[in-house]
Engineer: 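What follows is a single structure, and I will ask about it in a moment.
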Amino acid sequence: MTAKVRTRFAPSPTGFLHVGGARTALYSWLFAKKMQGDFVLRIEDTDQERSTEESLQKVLSDLKWLGYDWQEGPEVNGPNQPYFQSQRQAIYQEHAERLLKAGKAYYCFCSDERLESLRETAKKEGRSPQYDGHCRKVSKEEAKERLAAGEKATVRFQIPEEKDHYVFQDLIRKEVKFPKEMVGDFILLRSDGMPVYNFCCAVDDALMNITHVLRAEEHLSNTLRQIMILEALDYPLPQFGHLSIILGADKQKLSKRHGATSCHEYAERGFLPEALSNFLALLGWSHPEGKEIMPLEELVETFSLDRVHGSPAVFDEEKLKWMNSQYLRALSNEDLWQRIQPFLTAAGLDFSDAPEDWKNKTLDVFKSSMETLVDAVALYQNMSDAHFQVDEEACAEVLSWDTTKAAMEVWLQGLKDLSGDYLSEEDFLSLQDKVKSDLGVKGKHLFMPLRVAVIGKPQGAEMKLLVPLLAKSSLQKRVEIVLEKI
RNA sequence: GUUCCCAUCGUCUAGAGGCCUAGGAUGCCACCCUUUCACGGUGGAGACACGGGUUCGACUCCCGUUGGGAACGCCA
C-alpha cells in the first residue's frame, strides 16, 4: 500500500492571495482530493517585516471564498501543529544545530559590505553571484568565541562536494538536472536567529509528511537547495511538481501593473469563485475530452497531474468573463439574487422589499446580459426611479426625430388612461399599437422613443418584459422627465 | 552574465510517428433569430518559430539556432 497523499499550500501572509497562488492551491487541493489524501495549509511567516495578521486573514478568506478546504492548518489545526512557521522556531534551531554539529553548516561572520562587493565582482566577471565560502575556514572554536564576544553571525549550509549534479524527477517536467555550482553556500539562519524560507520549507515538508509538493516554477532553483538540506538531514524527499508561471498580456510574469491580480479583486469585480477556479484549472491542465465548464466537484473527479503541462500561460480576462457569464446563467434566480444583493446595496440600490416574483422576473430578463455580478448594478439602476437619468449622448439621435415628441406624448396619455398600478404585457402591446396607429410611426421610430421614455437609453432589454416590471407611476414620471429635454 | 524552464491559431489548449486537409474553446468577422441590445444558432478568417538530423513517414523523437520566461537575497 502506498502512503496517503499529502499536499500542502504554503502562502506567506503578505497581502491578498494572488491568482497564481490560487492556482497552485487549486492544483494541490484537487490532487489531494482526487487521491483521497490531505491538503495541508502552512503559513510561511518567517519574514516578520512583511507578515501581518491582517494579510493572514485575507489569504484565509480568499481560500475559503474559493472553497479549498484544508484538513490541517490554521483554525483546524492537526497532528503536525503549529502550522505557523513563526511558531516553529525551536524545531528549526534544533535542525540547524544538527547540521552545524555534523559539519554540514557553519557560522558566517561576513559583513553586508563584503557580500555586496562579492556579488558585484561576480556579476562583472559574468559569474553567478554567489557566496565564496569564505567563512568555511572559521573553526568551531573560533566561531564560539566570536559569538560569545557578541559578534553577529548567520548559519550557512555547506554545499556537499560529493555530487556534481543533482537530478530529480519533476512530476510535470520529467527529469530536471542541476549542476551543483548553481547555488553557493546559502543561509539557513539569519543573524537574528530567524530561519530562512528554504530551510523551514524543507524541514516542514519532511516533518509534516508531505508527499507531493506542487509549486510555481520560480521555485525550481529552490528545489535544489531543499533537496540538499533534506539529504543532509537524512529525510525522505517529497515528489516535486513545478507549475508554469502565469503571464500577463505582455507575456511578463503577472503582476500589479497588469491590473487585477488578486482573487479578492476578482471577487469585488463580480466574478464567481467557481468560475475563477474553473478558469484557473484550465491554465495548464485540460480535460481529456476537452470539456471546459466544470464545477469544482467535477474537476476533482477528472483532475490528474499527467495532463498538467509546463508551458507558461497568459491570463486572458476575456475568457474568464465568458466563463463567468456561463456560471452566472446557470445559477438559480434565488442564488443569483443572493449574490448580486451586496453589489446593489453598495451602489445604493435597495430592492430588499421587492416581491420574490418581481426579483425572479427581472432576473429572467437581465440574466443573459450579465457577465459579472457588477453588471447587475447598471441593470437595476434602470429599475430605480432615484437613479433614472437620460443618457443624452446616446439618446441624441432619437430625441432629434420629428415624431419622437408626439410618440412620447401619446405614450404618456395612454399611461394616464390606464387603470391599475402596473401594465400587463398586453397593456403595453396595445398601447404600443396605439402610438403606432395614431402617428403612423413604425420600426425604430416607434421602439426607440418608447425605450428612451422608459429607461433613458436607446438600447436595453425587451420592452414587453421590462415595462410590466415598472410601476405605472414611475413610467409616467420618466416620460415627463424625458419630454422636458426635447 | 550564469543556470534552469518553455515553444501549436491573438489567447487558453488537443495532439504521446501515419487517424492532421492540425481538433476544441475564447476573442474577432458574417449571417440567422430578434421590430433594439444581449442571449442563442450557423458559418468564416486564424497556428505547428527556424535549421539540421532519426525514420518509409515527423506537430509529435534527437541536436542546434532563435525567441520568451524564471531564478541567482540575512524575500517567500
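In the text below, chain A, chain B and the rest are named by the order of the sequence lines, each starting its count at 1.
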Engineer: If you compare every side-chain N and O of A:His309 against the phosphate oxygens of B:U13 (OP1, OP2), does one of them come in below 4.0 Å?
Structural biologist: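 Result: yes.
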
Engineer: By nearest nucleotide on RNA chain B, pick out whichever of A:Leu247 and A:Pro288 is the more 5' one.
Structural biologist: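 The residue whose closest nucleotide sits nearer the 5' end is A:Pro288.
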
Engineer: Whole Å only: how far is the OH atom of A:Tyr166 from the P atom of B:C72?
Structural biologist: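 To the nearest whole Å, that distance equals 19 Å.
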
Engineer: With side chains defined as the heavy atoms from C-beta onward, is the minimum distance between A:Phe303 and A:Tyr27 less than 4.5 Å?
Structural biologist: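 Yes. Closest side-chain heavy atoms under 4.5 Å.
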
Engineer: Distance between the C1' atoms of B:A7 and B:U60, in whole angstroms?
Structural biologist: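 Roughly 14 Å separates the two C1' atoms.
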
Engineer: Paired with B:C31: which nucleotide, if any, by Watson-Crick or G-U wobble criteria at under 3.5 Å for both distances?
Structural biologist: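 Check on B:C31: paired to B:G41, both distances under 3.5 Å.
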
Engineer: Can you tell me how far P of B:A76 sits from OH of A:Tyr92, to the nearest Å?
Structural biologist: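 It works out to 11 Å between those atoms.
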
Engineer: If the C1' atom of B:C56 is compared with that of B:C9, how far apart are they to the nearest Å?
Structural biologist: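 So the two C1' atoms sit 31 Å from each other.
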
Engineer: If the plane angle is over 60° it's perpendicular, under 30° parallel, otherwise tilted; pick one for A:Phe168 and A:Phe178.
Structural biologist: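 A:Phe168 vs A:Phe178 ring planes: parallel.
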
Engineer: So what does A:Pro129 hit on the nucleic acid, given a heavy-atom distance under 4.0 Å: a base, only sugar-phosphate, or nothing?
Structural biologist: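 Here A:Pro129 touches the bases of the nucleic acid.
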
Engineer: Nearest-Å distance, CZ (A:Phe186) to P (B:U3)?
Structural biologist: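 A:Phe186 atom CZ is separated from B:U3 atom P by 20 Å.
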
Engineer: Check this for me, if you would: do A:Arg136 and A:Glu161 make a salt bridge, where the nitrogen-to-carboxylate-oxygen distance has to be below 4.0 angstrom?
Structural biologist: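 Salt bridge between A:Arg136 and A:Glu161, a charged N being under 4.0 Å from a carboxylate O: yes.
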
Engineer: Relative to each other, are the rings of A:Tyr266 and A:Phe315 parallel, tilted or perpendicular (30° and 60° limits)?
Structural biologist: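 Answer is tilted, since the angle falls between 30° and 60°.
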
Engineer: Between B:C39 and B:C29, how far apart are the two P atoms, rounded to whole Å?
Structural biologist: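 Straight-line distance between the two P atoms is 12 Å.
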
Engineer: Specify the separation, in whole Å, of atom CD of A:Glu218 and atom C1' of B:A70.
Structural biologist: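 Between C1' of B:A70 and CD of A:Glu218: 8 Å.
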
Engineer: Parallel, tilted or perpendicular, judged at 30° and 60°: which one describes the rings of A:His445 and A:Trp401?
Structural biologist: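 Correct class here is tilted.
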
Engineer: Could you tell me whether the phosphate oxygens of B:U35, OP1 or OP2, come under 4.0 Å of any side-chain nitrogen or oxygen in A:Lys436?
Structural biologist: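 Answer is no, no contact under 4.0 Å.
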
Engineer: What is the distance, to the nearest angstrom, from the NZ atom on A:Lys321 to the P atom on B:U11?
Structural biologist: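 These atoms are roughly 18 Å apart.
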
Engineer: Rounded to the nearest Å, what distance is computed from the CE atom of residue A:Met323 to the P atom of nucleotide B:G27?
Structural biologist: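 Roughly 11 Å, once rounded to whole Å.
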
Engineer: If the P atom of B:A22 is compared with that of B:A49, how far apart are they to the nearest Å?
Structural biologist: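 Straight-line distance between the two P atoms is 15 Å.
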
Engineer: Distance check, P atoms only: B:C4 and B:C63, in whole angstrom units.
Structural biologist: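 Pairwise P distance, B:C4 against B:C63, rounds to 13 Å.
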
Engineer: When the nearest nucleotide of RNA chain B is assigned to A:Asp45 and to A:Glu292 on a heavy-atom basis, which residue is associated with the more 5' position?
Structural biologist: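 Going by which nucleotide is closer to the 5' end, it is A:Glu292.
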
Engineer: Flag the pair A:Arg114 and A:Asp132 as a salt bridge only when some basic side-chain nitrogen lies within less than 4.0 angstrom of an acidic carboxylate oxygen.
Structural biologist: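 A salt bridge is present here (some side-chain N lies under 4.0 Å from a carboxylate O).
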
Engineer: Taking only the side-chain nitrogens and oxygens of A:Lys253, find out if one of them lies under 4.0 Å from OP1 or OP2 of B:A71.
Structural biologist: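 So the side-chain polar atoms of A:Lys253 do come within 4.0 Å of the phosphate oxygens OP1 or OP2 of B:A71, strictly under.
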
Engineer: Mind checking the C1' distance from B:G40 to B:A45? Whole angstroms is fine.
Structural biologist: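 After rounding to an integer number of Å, I get 22 Å for this pair.
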
Engineer: Any strand is fair game: report the nucleotide pairing with B:C56 by Watson-Crick or G-U wobble, both distances under 3.5 Å, or none.
Structural biologist: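 Because both required distances fall under 3.5 Å, B:C56 counts as paired with B:G18.
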
Engineer: Sticking with atom P, work out how far B:C59 lies from B:G52, rounded to a whole angstrom.
Structural biologist: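 Straight-line distance between the two P atoms is 14 Å.
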
Engineer: For A:Ser221 and B:U3, is the shortest distance between a side-chain N/O and OP1 or OP2 below 4.0 Å?
Structural biologist: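 Answer is no, no contact under 4.0 Å.
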
Engineer: Where the side chain of A:Asp316 is defined as all heavy atoms beyond and including C-beta, which of B:U13, B:A70, B:U26 is the nearest nucleotide?
Structural biologist: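 In terms of side-chain proximity for A:Asp316, the closest of B:U13, B:A70, B:U26 is B:U26.
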
Engineer: According to a strict under-4.0 Å criterion, is A:Arg215 in side-chain N/O contact with OP1 or OP2 of B:C5?
Structural biologist: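 Looking at the OP1 and OP2 atoms of B:C5, neither is under 4.0 Å from any side-chain N or O of A:Arg215.
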
Engineer: A:Asp185 CG to B:C74 C1': how many Å, rounded?
Structural biologist: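 Nearest whole value for this atom pair: 15 Å.
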
Engineer: Counting distance alone, no hydrogens or angles: does the base of B:A71 have a donor or acceptor under 3.5 Å from a partner atom on the side chain of A:Asn222?
Structural biologist: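 No pair found.
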
Engineer: Should the pair A:His287 and A:Trp285 be assigned to parallel (<30°), tilted (30 to 60°) or perpendicular (>60°) ring geometry?
Structural biologist: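 Rings of A:His287 and A:Trp285: perpendicular, over 60°.
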
Engineer: Establish whether the base of B:C74 is bridged to the side chain of A:Ser191 by a donor-acceptor pair shorter than 3.5 Å.
Structural biologist: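 Counting by modelled atom types and ignoring angles, a donor-acceptor contact under 3.5 Å is found here.
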
Engineer: Could you give the NE2-to-C1' distance, from A:His287 to B:G23, as a whole number of Å?
Structural biologist: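 Between C1' of B:G23 and NE2 of A:His287: 16 Å.
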
Engineer: Using purine N1 to pyrimidine N3 plus N6-O4 or O6-N4 for Watson-Crick, or N1-O2 and O6-N3 for G-U wobble, each under 3.5 Å, what pairs with B:A49?
Structural biologist: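 B:U65 - that is the nucleotide pairing with B:A49, both distances being under 3.5 Å.
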
Engineer: Using Watson-Crick or G-U wobble geometry with both distances below 3.5 Å, tell me the partner of B:C72, or none.
Structural biologist: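 Base partner found: B:G1.
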
Engineer: Heavy-atom distance under 4.5 Å between the side chains of A:Val196 and A:Thr46, does that happen here?
Structural biologist: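 Not touching, per the 4.5 Å side-chain cut-off.
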
Engineer: So, is A:Gln326 close to the B:G40 phosphate, meaning a side-chain N or O under 4.0 Å from OP1 or OP2?
Structural biologist: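 Answer yes for this pair, as a side-chain N or O of A:Gln326 is under 4.0 Å from OP1 or OP2.
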
Engineer: Just name whichever nucleotide pairs with B:U26, Watson-Crick or G-U, keeping both distances under 3.5 Å, else none.
Structural biologist: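 Matched B:U26 with B:G10 under the 3.5 Å cut-off.
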
Engineer: Nearest to the A:Pro312 side chain among B:A14, B:C12, B:C6, which nucleotide is it?
Structural biologist: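 Of B:A14, B:C12, B:C6, B:C6 is nearest to the side chain of A:Pro312.
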
Engineer: For atom C1', what is the distance between B:C20 and B:G15, given to the nearest Å?
Structural biologist: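 These two C1' atoms come out 9 Å apart once rounded.
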
Engineer: In terms of side-chain heavy atoms of A:Arg156, which of B:C12, B:A76, B:C74 is nearest?
Structural biologist: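 Of B:C12, B:A76, B:C74, B:C74 is nearest to the side chain of A:Arg156.
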
